[in-house]
Amino acid sequence: MTDAAPFERRRITVGPHTFDALACGPADGEVVLLLHGWPEFADSWSAVLPALGAAGYRAVAVDQRGYSPGARPPRIADYAVPELVADALGFADAQGADRFHLVSHDWGGMVAWSLAGAHPERLASLTVLATPHPEALNRAAADDPEQHHRLDYVRFFRREGGAAESSLLADGAARLRAVYGGKVPADLVEANVRRLAEPGALTATLNWYRAPRAVVSAPAGRIAVPTLFLWGSQDIALGRRAAESTGEWVDGAYDFQPLEGASHWLPEEVPELVTPKILDHLAAHRQR
């Protein structure tokens, strides 16, 4: 992370846990909460946060449960999606936001879809990068052998006993570094690897995959809030069929924008493409 970046480093307390966070923008701006994926942290949004702050929003990105050292409970069940949704609502509550904008990527997108379906009254808008609606992904994984096999890595991560952790961290974390596919800046990769190699950290983050009942399982109903969905055509985990059918689960205003040639790592790889689209979506649904 660049020290010169105009970030405020914050701590947010939700229940018994303390979360590390980055914030930009005026304290009285409309709140934009940003949720990262695996294996990322709040600084995956480093290239997006300053633009949101400059536009007058109070942009807050949080190292979520398992990623923050002060929010690393021991049980797999502690990482179930309802717990993660409750955390996100707690982050917004801590900013004094009855309603807020939610921007998300990868696993953060699963949390976001679930939150939007269960608590539409809390959201002014929803933006999801890469992650299809869970029901669209579930259907694609069941019907499309290609999508089914794209999720083999999830099946590996769901094994208990430390096999995934040992594999990812072996040989100087070579396999963990390879996950990013050369699409994430090297300094972010090294920072991520360093933090995930801390005792208990990688297991806690993999518990996000282990807590659901099935490989593709996140409670997410129909979506009524205005939604922007950005997906990279070269995403190796999440294929076109699930992406293109996501709109079937959105009843509110919906804008699907595929990014041809982009990979899974949209916030880090192509922030110059995604940031203007996020800003346009937020502006269309400003609360004041």
Side-chain angles (χ1 to χ4, degrees), residues 12 14-15 19 21 25 29-37 45 48 52 55-62 64-65 79-139 208 211-213 216-231 238 242-257 267 274 277-288:
I12 300 174
V14 178
F19 298 84
E30 288 186 39
V31 170
V32 181
L33 176 64
L34 298 100
L35 303 179
H36 63 79
W45 300 105
V48 178
L52 301 184
Y57 298 101
R58 181 59 172 173
V60 180
V62 185
Q64 295 180 83
R65 182 176 293 224
Y79 298 85
V81 172
E83 299 287 344
L84 306 174
V85 168
D87 287 343
L89 292 172
F91 303 152
D93 292 341
Q95 313 309 309
D98 292 331
R99 296 182 75 232
F100 60 100
H101 303 272
L102 184 56
V103 178
S104 59
H105 175 239
D106 185 73
W107 243 114
M110 286 288 195
V111 177
W113 288 118
S114 187
L115 190 156
H119 304 279
E121 75 285 353
R122 295 297 305 270
L123 295 185
S125 74
L126 173 66
T127 300
V128 180
L129 279 61
T131 311
H133 188 285
E135 293 297 338
L137 182 56
N138 186 56
R139 184 183 298 170
W208 286 51
R213 293 188 304 274
V216 182
S217 178
R222 302 200 65 82
I223 306 301
V225 301
T227 300
L228 170 65
F229 178 38
L230 304 176
W231 169 79
L238 305 167
E244 291 182 343
S245 63
T246 285
E248 298 174 16
W249 297 91
V250 182
D251 298 322
Y254 181 61
D255 184 8
F256 171 48
Q257 297 195 31
V274 304
K277 296 178 186 299
I278 294 170
L279 285 169
D280 287 347
H281 185 60
L282 296 177
H285 303 288
R286 282 196 102 129
Q287 300 178 74
R288 60 179 184 269

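Computation of the quantities below employed the complete heavy-atom set of this structure, encompassing side-chain atoms and omitting hydrogens, waters and symmetry-equivalent molecules. Please read these numbers as outputs of a predicted model, since none were measured by experiment.
With rounding to the nearest 0.5 Å, the separation of CG in L126 from CG in L115 is 8.5 Å. With rounding to the nearest 0.5 angstrom, the NE2 atom of H281 is 13.0 Å from the CZ atom of F229. Remark: L34 CG to F91 CZ distance equals 12.0 Å, nearest 0.5 Å. If you take CZ on R65 and CG on D87, they are separated by 4.0 Å, rounding to the nearest 0.5 Å.
Inter-residue side-chain proximity for V103 and W45 is flagged as met; some heavy-atom pair is nearer than 4.5 Å. Side-chain contact between T246 and F256: absent, with no pair of heavy atoms (C-beta onward) separated by less than 4.5 Å. Annotation: side chain of L238 is in contact with side chain of P132 (closest heavy-atom distance under 4.5 Å). Side-chain contact between T227 and W113: present, with at least one pair of heavy atoms (C-beta onward) separated by less than 4.5 Å. Side-chain contact between H119 and V85: present, with at least one pair of heavy atoms (C-beta onward) separated by less than 4.5 Å. Considering only heavy atoms from C-beta on, D255 stays 4.5 Å or farther from D280 through its side chain.
Within 6.0 Å of the CG atom in D93, the count of heavy atoms belonging to other residues, nucleotides or ligands exceeds 12.
Using a distance-only test at 3.5 Å, with no hydrogens or angles considered, no donor-acceptor pair links the side chain of R286 to the main chain of A124. Between the side chain of R99 and the backbone N or O of R122, no donor-acceptor pair lies under 3.5 Å. Between the side chain of S104 and the main chain of L35, no donor-acceptor pair closer than 3.5 Å is present. Judged by distance alone, with hydrogens and angles left aside, the side-chain atoms of H105 form no donor-acceptor pair with the main-chain N or O of T131 at under 3.5 Å. In this structure a side-chain-to-backbone donor-acceptor pair under 3.5 Å is missing from Q257 to L228. Formation of a donor-acceptor pair under 3.5 Å by the S125 side chain with backbone atoms of H101 is not found in this model.
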